[in-house]
Amino acid sequence: MATFIFRRLLQAVPVVLGIVLICFVLLKASGDPTHMLVRQGASAEERLMVRERLGLNKPWYSQLGRYLMLDLGRSYRQERPVLDIVLDGAAVTARLALGAMIVAVALGLLSGIFSAYRPHSPIDYACAAGASIGISVPAFFLAMLLILIFSVKLQWLPLPAPEAGKLAYLVIPVLTLGMLSTALIARLTRGCLLEEMTQDYVRTGRAKGLQDLKALTGHAFPNALVPITTVIGNNLAGLLTGAVLTETACALPGLGRMIFEAISQRDHPVIMGGCLFFALIFVAVNLGVDILYALLDPRIRYGHE
Amino acid sequence: MSDAPRAEATVALAAEPAGPWRLAWRRLRRNRAALFALGVLTILTVIALGAPLWAPYDYARQFQGAERVPPGWSGEVRDAANGDMRASRHWLGTDDNGRDTLSRIVYGARVSLLVGILATLVSLVLGVAVGLVAGFHGGWLDAALMRVTDTVYAFPSVLLAVAITAVFDRPSLWVVFLALGLVGWTGIARLVRSQVLTVKTLDYITAARAMGAGSARILVRHVLPNCLGPIVVAGTLALGGNILGEAGLSFLGLGVQEPYPSWGGMLANARQNYQYYWWLAVFPGAAIVITVLAFNLFGDGLRDALDPRARR
């Protein structure tokens, strides 16, 4: 197991380096940020001072090297260390993402199991239609729709707000963010379960008098969990993409919104910090999924040792 | 005497097995959801191509005194050009500037479809090229290309697209489809690579190689045609995804610029006031959902038709 984890960690290194490199190249390609930071008609000396203060006069490799040493620096715009800004945003996004994942796994698995229990029944068709719509609705439109229906018309839920002690404020953003993953997990669960149900071991079980539901949940389900786990892990990048749009539509100051604003303000340290932070989270979650994967399927574990 | 060969030919014709594409079309024709989606897509294409014919008004025309009127409103408005009072009717209402929502949605279809198609083409070319080379060559090249793919895949697509648009000074249609295309190829590359890995071990590839065919020829003439089914399916589904992506970028203000309408841009404009005037958000949003849903349903239908093994 230890070798397995170590190998996975080694494979993650180029991905993190690659993300940092892509960010860095794109930022350098987008031009000198100084002109957006000095006042109109600033003298050449002023510009030089700004460049010096921000470390932009150093050669590119020392600028890049700083990030690889995990020194995130300070924001150009806000007089705060980047780490603080990133952690503030991450606190909001983490709550959303965690909630979205819980909703997606619970609803997705449930709907998949229902569909596979009685394939081609009205419930199955309803779930399939729901999943199709779920992957076709833009997150920001869903957020607006939910706000219109549940906050404005019915007044059941408050408008989404950043300073929310109460869970009610997060219901709409969490549902919005979780919708795509819910739909994907539901589809995949149904497909995997139906495939497992055609396997010999399920037929044997049924021949011995096993009930449909038991065969499904007790026998097919554990085997279908392996691909489902992978998809849940793979969904993470999609979740952060969704977070940018959800946070914009619901006016929440999360990590996605923060990186987006930093990009439009050319606040390079915040962009780099945000991307680096995200890359690390991504790699960590994928590692977690891989370990879970190995625990669920002994073949993977032993195949590597 | 001359009848005998003809009769033989007729029998041979009747017994000729249908090709895989014809079989797929037969299966697709039985799929009502996919056919319905195809119908919707045809109508959308016609709407987009003939936008000036269908749109009641120009997309940029502002009706003074008819700002944010509800759907179905009709009444008199002052013409901005000469100050005359004119009767006007707005089936889907108007926006904050008094522009006709229906006309803007009709013109917006052009942006959505065009960006969707161009971005998908970019992704397809890149993804197929990377997948073919990685899968066929194998070894270090495969490892290197797949690491690049993993890295791009790990990025949240909207943020990467936003970063690419930031490199250019001004957002425009060209930047948007390029950004979406450069972000979206990873799935296609992985798919093509896995297809190539199975196909290249088959006997007919060995046979072609034994007959002296070079790598390039084998790739293009023998490997690629046998991966085409999944590529077509992935392309169709990517179309829906790219239309969603364009809407997302436009919603963030990085798409086609005002006054030209895009569905995502209309939703961005609606963000201020939609809580009081629901039609500002609901109609453009519905346009996005219908279009993307149609592409996804058609793509699902294609997959079922092209890969009978995946059918229940």
Side-chain angles (χ1 to χ4, degrees), chain A residues 11-12 14-19 21-23 25-31 119-120 129 132-133 135-142 144-145 147-148 151-153 159 191 194-195 234 236-245 248-249 251 256 259-260 263-264 266 271 274-275 278-279 282-283 286, chain B residues 33 143-144 147-148 150-169 183 186 237 240-241 243-245 247-249 251-254 263-264 267-268 270-271 274-276 278 280-282 284-297 300 310 312:
Chain A
Q11 282 178 352
V15 173
V16 174
L17 288 182
I19 288 180
L21 203 65
I22 291 178
C23 273
V25 169
L26 282 174
L27 289 185
K28 286 294 146 202
S30 67
H120 304 290
S132 290
I133 294 174
I135 56 171
S136 305
V137 180
F140 50 94
F141 179 52
L142 185 71
M144 292 165 117
L145 220 51
I147 290 173
L148 269 180
S151 299
V152 177
K153 191 84 189 165
L159 289 169
L194 285 181
E195 204 178 301
N234 281 348
L236 197 76
L239 214 57
L240 207 93
T241 289
V244 184
L245 297 169
T248 307
I259 300 179
F260 170 72
I263 291 175
S264 44
R266 300 271 203 281
I271 305 174
C275 286
F278 176 68
F282 182 84
V283 165
N286 268 328
Chain B
R147 281 292 91 77
V148 174
D150 286 350
T151 310
V152 176
Y153 180 82
F155 248 107
S157 54
V158 163
L159 284 183
L160 185 53
V162 167
I164 294 174
T165 49
V167 173
F168 299 89
D169 278 341
V183 169
T186 52
L237 295 174
I243 287 174
L244 268 186
L249 285 180
F251 181 71
L252 294 173
L254 298 166
W263 296 339
L267 278 166
R271 217 152 67 86
Y274 76 97
Q275 289 170 21
Y276 316 104
W278 57 270
L280 295 180
V282 168
I288 301 174
V289 176
I290 290 169
T291 309
V292 178
L293 191 60
F295 274 114
N296 286 340
L297 282 181
D300 287 345
R312 278 74 62 186

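These numbers come from a predicted model, not from an experiment. A, B, ... follow the sequence lines: proteins, then strands. Residue 1 opens every chain.
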Visitor: How far apart are the closest heavy atoms of A:Gly256 and A:Val244, and which atoms are they?
Guide: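 Heavy-atom minimum between the residues: CA-CG2, 3.8 Å.
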Visitor: Tell me, for A:Ala249 versus chain B, whether the close heavy atoms (under 4.5 Å) come from the side chain, the backbone, both or neither.
Guide: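 Both parts, backbone and side chain.
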Visitor: Side chain, backbone, both or neither: which part of A:Leu245 has a heavy atom under 4.5 Å from chain B?
Guide: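 Contact with chain B is through both the backbone and side chain of A:Leu245.
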Visitor: Identify which part of A:Ile133 has an atom lying under 4.5 Å from any heavy atom of chain B, answering side chain, backbone, both or neither.
Guide: both
Visitor: Side chain, backbone, both or neither: which part of B:Ile290 has a non-hydrogen atom closer than 4.5 Å to chain A?
Guide: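 When you check distances to chain A, no heavy atom of B:Ile290 falls under 4.5 Å.
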Visitor: I need the residue from B:Ile288, B:Thr291, B:Val282 with the largest number of non-hydrogen atom pairs under 4.5 Å to chain A.
Guide: B:Val282
Visitor: Under 4.5 Å, counting heavy-atom pairs only, tell me which of A:Leu142, A:Ile271, A:Val152, A:Thr248 racks up the most with chain B.
Guide: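 Of A:Leu142, A:Ile271, A:Val152, A:Thr248, A:Thr248 has the most heavy-atom pairs under 4.5 Å with chain B.
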Visitor: Select one option (side chain, backbone, both, neither) describing which atoms of A:Leu17 are under 4.5 Å from chain B's heavy atoms.
Guide: neither
Visitor: Quick check on B:Tyr274 against chain A: is it the side chain, the backbone, both or neither that has a heavy atom closer than 4.5 Å?
Guide: both
Visitor: What's the spacing between B:Ile243 CD1 and B:Trp263 CH2 if we round to 0.5 Å?
Guide: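 Going from the CD1 atom of B:Ile243 to the CH2 atom of B:Trp263 covers 7.0 Å.
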Visitor: Distance from B:Asp300 atom CG to B:Leu237 atom CG, nearest 0.5 Å?
Guide: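 Here the interatomic distance stands at 6.0 Å.
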Visitor: Measure the CG-CD1 distance between B:Leu249 and B:Ile164 for me, rounded to the nearest 0.5 Å.
Guide: 9.5 Å
Visitor: If you count every heavy atom of other residues, nucleotides or ligands that lies below 6.0 Å from B:Gln275 atom CD, does the total exceed 12?
Guide: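 Count over threshold, so yes.
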Visitor: At a 4.5 Å cut-off on heavy atoms, which part of A:Leu26 comes close to chain B: side chain, backbone, both, or neither?
Guide: both
Visitor: So for B:Ala286, is it side chain, backbone, both, or neither that comes closer than 4.5 Å to the heavy atoms of chain A?
Guide: backbone
Visitor: To the nearest 0.5 Å, how far apart are CG in A:Leu194 and NE2 in A:His120?
Guide: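 The CG atom of A:Leu194 sits 7.5 Å away from the NE2 atom of A:His120.
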Visitor: To the closest 0.5 Å, what do you measure between CZ (A:Phe140) and CZ (B:Arg271)?
Guide: 11.0 Å
Visitor: Counting only heavy atoms closer than 4.5 Å, note whether A:Val137 contacts chain B via side chain, backbone, both or neither.
Guide: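 When you check distances to chain B, atoms from both the backbone and side chain of A:Val137 fall under 4.5 Å.
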Visitor: Please name the pair of heavy atoms, one in A:Ser136 and one in B:Asn296, separated by the smallest distance, quoted to 0.1 Å.
Guide: OG-ND2, 3.1 Å
